[in-house]
Amino acid sequence: SNLAYSKRRSFCHAIHTSTPSILLSSPRPSMSGSGRPESVMGRDSRLCFPSSQPDSTGSKQTRGSQTLHTDPDRPQVGEKRVVCSTAQFAHRSAQTNSSVSKTSQTAKQTNFPFRPSDPSTSRLSFIKQHLIHQGFQDSVADKMAHKTRSSTNALYESYWSKFLVWCVSRDFDPFSPSVPMIAQYLEYLYEHDHYTPKAIEGVRSCLGQAFQITGVLDISDNLAISAILRHFKIDCPASRFMLPKWNLSLVLNMLMHEPYEPVYSISLKHLTFKTCFLLSLASCARVSELHAISFQLLSHNPSWTKVWLQPHLHFLAKNQRSREVHEQRSFLIRCLCDFVGPDLPDRKLCPIRSLRMYLQKTNTRRTQHKFRSLFITLRQGRSKEISKSAISHWLRTVIRDAHVSASDHQVSVARATPHEVRAIGASLAFQRSLSLANIMSTCMWRSNSCFTSFYLRDVTRVYDDFMGLPPCIAADTVIN
């Protein structure tokens, strides 16, 4: 109940509220409209009572509360029980201290630093062990650690190994890094190892994902790391390769002569190299896609003027999403013989001609070892499927062999990258008036900017309006 006192007498409000309060009279009387003074109740006030008082008036006391009796000369307003504030505070403090104690005990049990037993542990192993230590199940931690493609994991693993070696050489703890330490390492890569800003961004992504998912350190949006990367980009701006990195004309002319001709009598090694390069140029496929081409899924028309190459059913391309695994990709290879004259020299670079001879020479070994892929190993007696790096090695060997006798100003052997076959083939098709939509479809790019920003080459300045190129197939287009 609300207890109030006026200047004349006390009274009790009949309405009970959930939070009792005491109203005090205002020190100044106010005047009504008739000129008669009225006493106005002031604001709510609270009274504090001591935790224990002498029981002089015979009041009843209980633990943590008091029972108050009004003055016997005043009207009775009902019995009130007031909870002792000291007891309430003590009870709340005990509950708070208990919860804080439990929280601190839990933190001591689960949040102590984790360190791998092996200082040279791999990146994926470090992430997985850290997640298991945090309470994740082994299968869940394994899936969280392998959240990127296998090719990206391999690249990040090389970055991680280099980071561990750098930390050990300077007595740094690689598993408890700091922002200044990461910035110092990035500066070392830029100044000492001459990493490009693009490569350093890859290193930042590698370290950032490993440390962020484990809760060690978050450098993804760190202003200090972003500032030093910004300096690298200003100091070393990105440059585009407008010209091809190597000369396609030299490679094609080499494939038209020994030891790559005549195709019916050459060794399996040179036939494999030639077939692999011509199919790579004709399809503009990635090395991973060439490696995944299935022999069982190969199909052709009755006259062998068209051949369709398809990867394995469960193959996932670099830019393909997981839900698109059932959207089968295929590469159309056209026969060059339908577009050139009957002379044999013009047909030496036909990809289907080399492919048919390759299938004929590998038929016995393919049946014996049950190879599933189109390209098989060159080692006799070995039944294991080839690796993706083997395809890359074959293409690089062909490019380097063609430039052995070239002068230094024509090409640098260090720039003989197999991935450039994809760029040169698409650029040749584009210069031959193939529409951008067809190029996007053939090379399976998702955006136009991917081709124009990273793969487009000025091939006309190198090949003199294609007069220096022999007839060939590039990106499903006849270059004649």
Side-chain angles (χ1 to χ4, degrees), residues 110-233 235-236 238 287-288 318 387-390 392-393 396 414 417 419:
T110 60
N111 292 338
F112 57 88
F114 168 77
R115 291 187 56 82
S117 57
D118 186 7
S120 61
T121 184
S122 64
R123 175 179 173 272
L124 295 179
S125 179
F126 165 72
I127 296 176
K128 182 178 179 180
Q129 293 178 16
H130 213 296
L131 294 175
I132 293 176
H133 176 76
Q134 293 179 2
F136 292 96
Q137 295 183 355
D138 186 271
S139 59
V140 177
D142 184 72
K143 291 180 175 61
M144 295 173 66
H146 292 79
K147 68 174 186 175
T148 53
R149 302 287 178 90
S150 58
S151 58
T152 305
N153 288 334
L155 178 62
Y156 283 0
E157 200 63 49
S158 63
Y159 289 157
W160 178 261
S161 301
K162 190 177 184 67
F163 173 70
L164 295 182
V165 172
W166 181 83
C167 291
V168 171
S169 64
R170 287 162 175 75
D171 295 330
F172 289 151
D173 186 2
F175 306 115
S176 299
S178 62
V179 173
M181 187 183 93
I182 298 297
Q184 182 180 350
Y185 176 64
L186 299 182
E187 193 266 346
Y188 167 82
L189 294 178
Y190 181 75
E191 296 291 345
H192 184 268
D193 291 350
H194 306 291
Y195 272 39
T196 62
K198 193 71 175 179
I200 295 178
E201 285 183 347
V203 175
R204 177 194 187 180
S205 178
C206 164
L207 301 179
Q209 289 184 16
F211 294 139
Q212 184 179 14
I213 195 173
T214 55
V216 176
L217 182 67
D218 187 5
I219 61 173
S220 57
D221 296 325
N222 187 271
L223 295 179
I225 302 298
S226 299
I228 192 171
L229 286 177
R230 181 61 181 170
H231 168 77
F232 295 157
K233 292 180 181 179
D235 187 60
C236 181
V287 173
S288 59
K318 179 181 179 180
S387 63
K388 184 175 62 176
S389 59
S392 180
H393 172 71
R396 186 180 294 108
T417 56
H419 199 64

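Index from 1, following the sequence. Because the structure is predicted, anything quoted here is derived from the model rather than measured.
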*Asks:* For Lys388, enumerate each residue passing the salt bridge (charged side-chain N to carboxylate O under 4.0 Å, His left out) test, keeping only those at least two apart in sequence or located in another chain.
*Replies:*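 None.
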*Asks:* Could you list the donor-acceptor pairs under 3.5 angstrom formed between side-chain atoms of residues 196-207 and any protein atom two or more places apart in sequence or on another chain?
*Replies:*
unit_1: Thr196; atom_1: OG1; unit_2: Ala199; atom_2: N; d: 3.2
unit_1: Glu201; atom_1: OE2; unit_2: Lys233; atom_2: NZ; d: 2.4
unit_1: Arg204; atom_1: NE; unit_2: Ile219; atom_2: O; d: 3.3
unit_1: Arg204; atom_1: NH2; unit_2: Ile219; atom_2: O; d: 3.0
unit_1: Arg204; atom_1: NH2; unit_2: Ser220; atom_2: O; d: 2.7
unit_1: Arg204; atom_1: NH2; unit_2: Ser226; atom_2: OG; d: 3.2
unit_1: Ser205; atom_1: OG; unit_2: Tyr156; atom_2: OH; d: 2.8
unit_1: Ser205; atom_1: OG; unit_2: Gln209; atom_2: NE2; d: 3.3

*Asks:* Output all residues satisfying ring pair (Phe, Tyr, Trp, His ring centres under 6.0 Å) with His192, sequence neighbours left out; order by chain, then residue number.
*Replies:*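 His192: ring pair (Phe, Tyr, Trp, His ring centres under 6.0 Å) contacts with Tyr188.
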*Asks:* May I ask you to test the Phe126-Thr214 pair for a side-chain heavy-atom distance under 4.5 Å?
*Replies:*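 Answer yes - side chains close enough.
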*Asks:* Looking at residues at least two apart in the chain, or sitting in another chain, which of them share a salt bridge (charged side-chain N to carboxylate O under 4.0 Å, His left out) with Lys143?
*Replies:*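 With sequence neighbours excluded, Lys143 shows a salt bridge (charged side-chain N to carboxylate O under 4.0 Å, His left out) to no residue whatsoever.
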*Asks:* The criterion is side-chain hydrogen bond (donor to acceptor under 3.5 Å, both in side chains); which residues satisfy it with Arg396, sequence neighbours excluded?
*Replies:*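 If we apply the side-chain hydrogen bond (donor to acceptor under 3.5 Å, both in side chains) test to Arg396, skipping adjacent residues, the hits are Ser392.
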*Asks:* Going by salt bridge (charged side-chain N to carboxylate O under 4.0 Å, His left out), name the residues that satisfy it together with Asp193, two or more places apart in sequence or in a different chain.
*Replies:*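 Scan of Asp193 (salt bridge (charged side-chain N to carboxylate O under 4.0 Å, His left out), adjacent residues dropped) gives Lys162.
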*Asks:* Taking side-chain hydrogen bond (donor to acceptor under 3.5 Å, both in side chains) as the definition, give me every residue that meets it alongside Ser125, ordered by chain and number, with sequence neighbours left out.
*Replies:*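 If we apply the side-chain hydrogen bond (donor to acceptor under 3.5 Å, both in side chains) test to Ser125, skipping adjacent residues, the hits are Thr121, Gln129.
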*Asks:* For Ser150, which residues count as a side-chain hydrogen bond (donor to acceptor under 3.5 Å, both in side chains) partner, sequence neighbours excluded?
*Replies:*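 Expected list: none.
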*Asks:* Do Asn153 and Arg123 come close enough that some side-chain heavy atom pair is under 4.5 Å?
*Replies:*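 With C-beta onward as the side chain, the pair touches.
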*Asks:* Please enumerate all residues that pass ring pair (Phe, Tyr, Trp, His ring centres under 6.0 Å) together with His231, with sequence neighbours excluded.
*Replies:*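 If we apply the ring pair (Phe, Tyr, Trp, His ring centres under 6.0 Å) test to His231, skipping adjacent residues, there are no hits.
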*Asks:* Kindly write out the residues that satisfy ring pair (Phe, Tyr, Trp, His ring centres under 6.0 Å) with Phe211, not counting sequence neighbours, or none if the list is empty.
*Replies:*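 Expected list: Trp160.
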*Asks:* By ring pair (Phe, Tyr, Trp, His ring centres under 6.0 Å), which residues pair with Tyr190, not counting sequence neighbours?
*Replies:*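 Counting only residues at least two positions away or on another chain, Tyr190 forms a ring pair (Phe, Tyr, Trp, His ring centres under 6.0 Å) with Phe232.
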*Asks:* Not counting sequence neighbours, which residues clear side-chain hydrogen bond (donor to acceptor under 3.5 Å, both in side chains) with Ser169? List them please.
*Replies:*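 With neighbours one apart ignored, the set is empty.
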